[in-house]
Structure formats: structure tokens, C-alpha cells
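The next block holds one structure in the form of C-alpha cells; read it before the comments.
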Amino acid sequence: MRVLVVGAGAIGGYFGGRLLQAGNDVTFLVRPKRASELASAGLVIKSPNGDVTLKNPPTVQADKLTEKFDVILLSCKAFDLDDAIKSFAPAVGPQTSVIPMLNGMLHLDILDQKFGRERVLGGLCAIAATLNEKREVVQLAPMQSLNFGERDGTMSDRVRAIAKIMTNGITGAVASENIVQEMWEKWVFLSTLAASTCLMRTSVGNILAAPNGRDFMLGMLDETSAIAKAAGHAPTGPFFERTRGLLTSEGSQMTASMFRDIKAGAAVEADHVIGDLVARGDAAKVPLAKLRTAYTHLKAYEKQRG
């Protein structure tokens, strides 16, 4: 089974690298600069789960992409999705399965429209990773997971076949029969964390230490959870309790990657992660005072950034 990993940044580089390390047929779709870096230094992974240097990993650039692949692993930022689709579209054939690991749900509509719903699986990942100044993939904590599955909840033959590949190399890879629910639950957690830490420009612990901080944090969680419930995907017991615990952990230094992007003056996924939730909440007539304020804040940041 041939796997095309779109990009070789922190997420694509890590998961694709682990698949390649295990002997799977993996190719990275990269831009010329990244191709040159990988050709000279290799794909370097620094990780609590074991370091590895994969010399001269297989790469292809968009203008040379002509072959079809069985699986496409997509981990770009939402604002890069259109360009990513253009780059990997030639690799999509009648039997290709696209596994997107973007946050939220809006990308599913875009991918369905382009390639057909039958080719697009549900997917999500959890990992703390970054590229350092040497352009090495650095995993910051041991925890990692990659879930994928049919969006109708069936365990299909293709998902079983993909699972054999994914579990051969990626610790924490899981073929799920409940992937849409899991995607919604991750969205609830991520959007609450992002909206809160971006709006307040600080960590969870500092928000909780402020007057009314706990009520603010739990109020944001209530709003995002209500939107999920209106969509038929109310967060379930164990997940909700774990999320609530993380968001009310006193002294926590946790922030969203979106907040770190703001501090760096970088682009943010305001529309995909927060704006789409607001639109869905409005359609369901869910009160969104806190989330709407956070969205306004993010759009003002984007306007300032230009």
C-alpha cells in the first residue's frame, strides 16, 4: 500500500517518518526547499519515543506528481488547504483514501466536494511536535495518537487494510468506528482552549487565577459543548470529564498552538476552528457571547496582521 504524506513538517514528518522507519512505502510531497533539506540532512526525528535519522527519504514535488497513491495523509493548516489540494490532486485515483488530520469539520465539506465523499475518511491526531532551527522534527512529549475511520461508523475492508499499515510504525494509531464523534470532541476541547487562551493572551493557569477565571473557562466550554450537542455529537462522559479537568487545572501552563501563533505574529485558523463553530451555533440558536467575542478578537488580529 502506497502512502503519500502531504508535507514533511512537524506532524507529517513525524507520522510519515515513523511509517517509513517501519518499512512502509511512504513518499513525502514537499516544496523544493524542504526537498533539498531532506536530501542533504535526511528526515531527523528527535523524540522521547526514540530518535531516528532517515537518510534521503522518498520525496516528490507537485509539478512531478503523476502516480496514484492508496492513502493520502493530510496534515496542513486550514489556511493552506486549497493549495494543498491543488498539489496532491493528481495523486487521487478511484481507490484512493484521503485521511485529513485538520481540526474542526469544515475541511470535510471542501474535500468531499473536490474528491467525492467516498474517498474522504475521518481523521484526527494528537501530538506535541515542532520543527527546530535545524529543521528537525522534535516531539515535545511522549503522548501521540492518530485515529481514522469511515464517517458512517462502519469498519470497512479499506480501513482494516490501512490499519495494518498505520499500526506498523505508529504507536497510538487506531482504526475507529466512532471517528466523527471523536473529531467533534477534539474540536470542543481545542476550540475552548484556543478561544480562551487567545482572548486572554495567557495560559489556562493564569486565567483560572484571575477573578471569575474559572467561570469564564467553564462558560466557554459550555458554549462549545452546546454547539456539538446541537449537531448530535454531545461530548461524552470520560472525554468531558478529562477535558474539564485539563481546563480547570490550577497553575497549568497549557496554551493553544493558536495563541503561540499569535505571539509569533503568524497566521491563525480563526475561521476553521472558531468561526465555523460560531456559524453552526448561530444556525442552532445557541447563545455564544464568549465564543463570539473570541472570534471577533481573532479576526481583529488577522486584520492587524494584514
(message) Would you say the ring centers of Phe88 and Phe115 fall short of 6.0 Å from each other?
(response) yes

(request) Keeping the roles fixed (side chain from Lys229, backbone from Thr224), state whether a donor-acceptor pair exists under 3.5 Å. (result) no

(request) Decide yes or no for Phe15 and Met166: does some side-chain heavy atom of the first lie under 4.5 Å from some side-chain heavy atom of the second? (result) no

(message) Between Arg2 and Asp25 (salt bridge meaning N to carboxylate O under 4.0 Å), is one present in this structure?
(response) yes

(request) Answer yes or no: are there more than 12 heavy-atom neighbours, outside Lys68 itself, under 6.0 Å from its atom NZ? (result) yes

(message) Treating Asn24 as the side-chain partner and Asn168 as the backbone partner, does any N or O pair qualify as donor plus acceptor under 3.5 Å?
(response) yes

(message) Between Arg119 and Lys114 (side chain of the first, backbone of the second, donor and acceptor by atom type, cut-off under 3.5 Å), is there such a pair?
(response) no

(message) I'd like to know if the side chain of Thr255 pairs up with that of Ser203 as donor and acceptor (distance under 3.5 Å, no hydrogens or angles considered).
(response) no

(request) Give, for atom OG1 of Thr53 and atom NZ of Lys55, the distance between the pair rounded to the nearest 0.5 Å. (result) 8.0 Å

(message) If I take atom CG from residue Leu106 and atom CG from residue Leu111, how far apart are they, to the nearest 0.5 angstrom?
(response) 10.0 Å

(message) With salt bridge (Lys or Arg N to Asp or Glu O under 4.0 Å) as the criterion, how do Lys299 and Glu302 come out once you've worked through the C-alpha distance, each side chain's angles and the decisive distance to 0.1 Å?
(response) CA-CA 5 Å; Lys299 295 305 288 184; Glu302 287 185 337; 2.7 Å; yes

(request) Following the transitive rule for hydrophobic clusters with a side-chain heavy-atom cut-off under 4.5 Å over Ile, Leu, Val, Met, Phe, Trp and Tyr, establish whether Leu221 and Met258 coincide in one cluster. (result) yes

(request) Give a yes or no answer on whether the side chain of Ser145 reaches the backbone of Gly172 with a donor-acceptor pair at less than 3.5 Å. (result) no

(message) Keeping Ser225 on the side-chain end and Asp222 on the backbone end, is there a donor-acceptor pair under 3.5 Å?
(response) no

(message) Is it the case that the side chain of Ser87 and the backbone of Ala84 share a donor-acceptor pair, with hydrogens and angles ignored and the cut-off at 3.5 Å?
(response) yes

(request) Please round to the nearest 0.5 Å and tell me the distance separating atom CG of Asn103 and atom CG of Leu190. (result) 4.5 Å

(message) For residues Met183 and Val278: do they belong to one hydrophobic cluster (side chain heavy atoms under 4.5 Å, members Ile, Leu, Val, Met, Phe, Trp, Tyr)?
(response) yes

(request) Quick one: do Val5 and Tyr14 satisfy side chain to side chain contact (heavy atoms under 4.5 Å, CB included)? Show the steps, please. (result) CA-CA 10 Å; Val5 179; Tyr14 184 82; over 6 Å; no

(message) Nearest 0.5 Å, please: how far is SG in Cys198 from CD1 in Ile262?
(response) 3.5 Å

(request) Could you walk me through whether Thr202 and Ile207 pass the side chain to side chain contact (heavy atoms under 4.5 Å, CB included) test, one step at a time? (result) CA-CA 7 Å; Thr202 191; Ile207 295 172; 3.7 Å; yes

(message) Looking only at side-chain N and O atoms, does Glu185 offer a donor or acceptor that is under 3.5 Å from a partner on Thr236?
(response) yes

(message) Under a 3.5 Å distance rule, please check whether Ser40 uses its side chain to pair with a backbone N or O of Ser36 as donor and acceptor.
(response) yes

(request) Decide, yes or no, whether a salt bridge links Asp282 with Arg292 under the criterion of side-chain N to carboxylate O below 4.0 Å. (result) yes

(request) Answer yes or no: is there an ion pair linking Lys77 with Asp80, defined by an N-O contact shorter than 4.0 Å? (result) no

(message) Under a 3.5 Å threshold, yes or no: a donor from one side chain and an acceptor from the other, between Ser176 and Asn178?
(response) no

(request) Decide whether Met254 and Val273 are clustered together by the hydrophobic rule: side chain heavy atoms of Ile, Leu, Val, Met, Phe, Trp, Tyr closer than 4.5 Å, transitively. (result) yes

(request) Might you confirm whether atom CD of Glu250 has over 12 heavy atoms from other residues, nucleotides or ligands at distances under 6.0 Å? (result) no

(request) Establish whether Trp184 and Leu247 are linked, either directly or via other cluster members, by ILVMFWY side-chain heavy-atom contacts under 4.5 Å. (result) yes

(message) I'd like to know if the side chain of Gln181 and the backbone of Ala234 have a donor-acceptor N/O pair within less than 3.5 Å.
(response) yes

(message) Once rounded to the nearest 0.5 Å, what's the spacing between atom CD of Glu223 and atom CG of Leu277?
(response) 10.5 Å

(message) Are Val120 and Val71 linked, directly or through intermediate hydrophobic residues, by side-chain heavy-atom contacts shorter than 4.5 Å (ILVMFWY only)?
(response) no

(request) Taking only Lys NZ, Arg NE, NH1 and NH2, and the carboxylate oxygens of Asp or Glu, determine whether Asp112 and Arg151 approach each other closer than 4.0 Å. (result) yes

(message) With side chain to side chain contact (heavy atoms under 4.5 Å, CB included) as the criterion, how do Ile11 and Ile127 come out once you've worked through the C-alpha distance, each side chain's angles and the decisive distance to 0.1 Å?
(response) CA-CA 8 Å; Ile11 295 176; Ile127 186 171; 4.2 Å; yes

(message) Checking the side chain of Thr197 only, and the main-chain atoms of Leu193 only, is there a donor and an acceptor separated by less than 3.5 Å?
(response) yes

(request) Sort out for me which residue in Arg31, Lys134, Arg135 forms a salt bridge (Lys or Arg N to Asp or Glu O under 4.0 Å) with Glu37. (result) Arg135

(request) Would you indicate whether the side-chain heavy atoms of Asn56 and Leu43 approach each other to under 4.5 Å? (result) no

(message) Could you measure the distance from the CZ atom of Phe28 to the CG atom of Leu19? Nearest 0.5 Å is fine.
(response) 8.0 Å

(request) Could you tell me whether the side chain of Glu269 and the main chain of Ala78 form a donor-acceptor pair under 3.5 Å? (result) yes

(request) Would you check if Leu146 and Met101 make a side-chain contact, meaning some heavy-atom pair closer than 4.5 Å? (result) yes

(message) side chain to side chain contact (heavy atoms under 4.5 Å, CB included), that's the test. Do Tyr295 and Leu291 meet it? Break it down for me.
(response) CA-CA 6 Å; Tyr295 181 54; Leu291 191 66; 5.9 Å; no

(message) Just to verify, which of Asp271, Ile274, Leu199 counts as forming a side chain to side chain contact (heavy atoms under 4.5 Å, CB included) with Leu298?
(response) Ile274

(request) Report the C-alpha distance between Asn49 and Gln139 in whole Å, list the side-chain angles of each, state the deciding distance to 0.1 Å, and finish with yes or no for side chain to side chain donor-acceptor pair (under 3.5 Å). (result) CA-CA 9 Å; Asn49 298 314; Gln139 187 180 13; 3.2 Å; yes

(request) Kindly check if the number of other-residue, nucleotide or ligand heavy atoms within 6.0 Å of CZ (Arg244) is above 12? (result) no

(message) Salt bridge check, Asp276 against Arg280: does any charged N sit closer than 4.0 Å to a carboxylate O?
(response) yes

(request) Test side chain to side chain donor-acceptor pair (under 3.5 Å) on Arg158 and Ser97 and set out the steps. (result) CA-CA 8 Å; Arg158 68 167 171 174; Ser97 298; 3.1 Å; yes

(request) Answer yes if the side chains of Glu136 and Asn132 hold a donor-acceptor pair under 3.5 Å, and no otherwise. (result) yes

(message) Measuring only between side-chain heavy atoms, which start at C-beta, is Val137 closer than 4.5 Å to Lys46?
(response) no

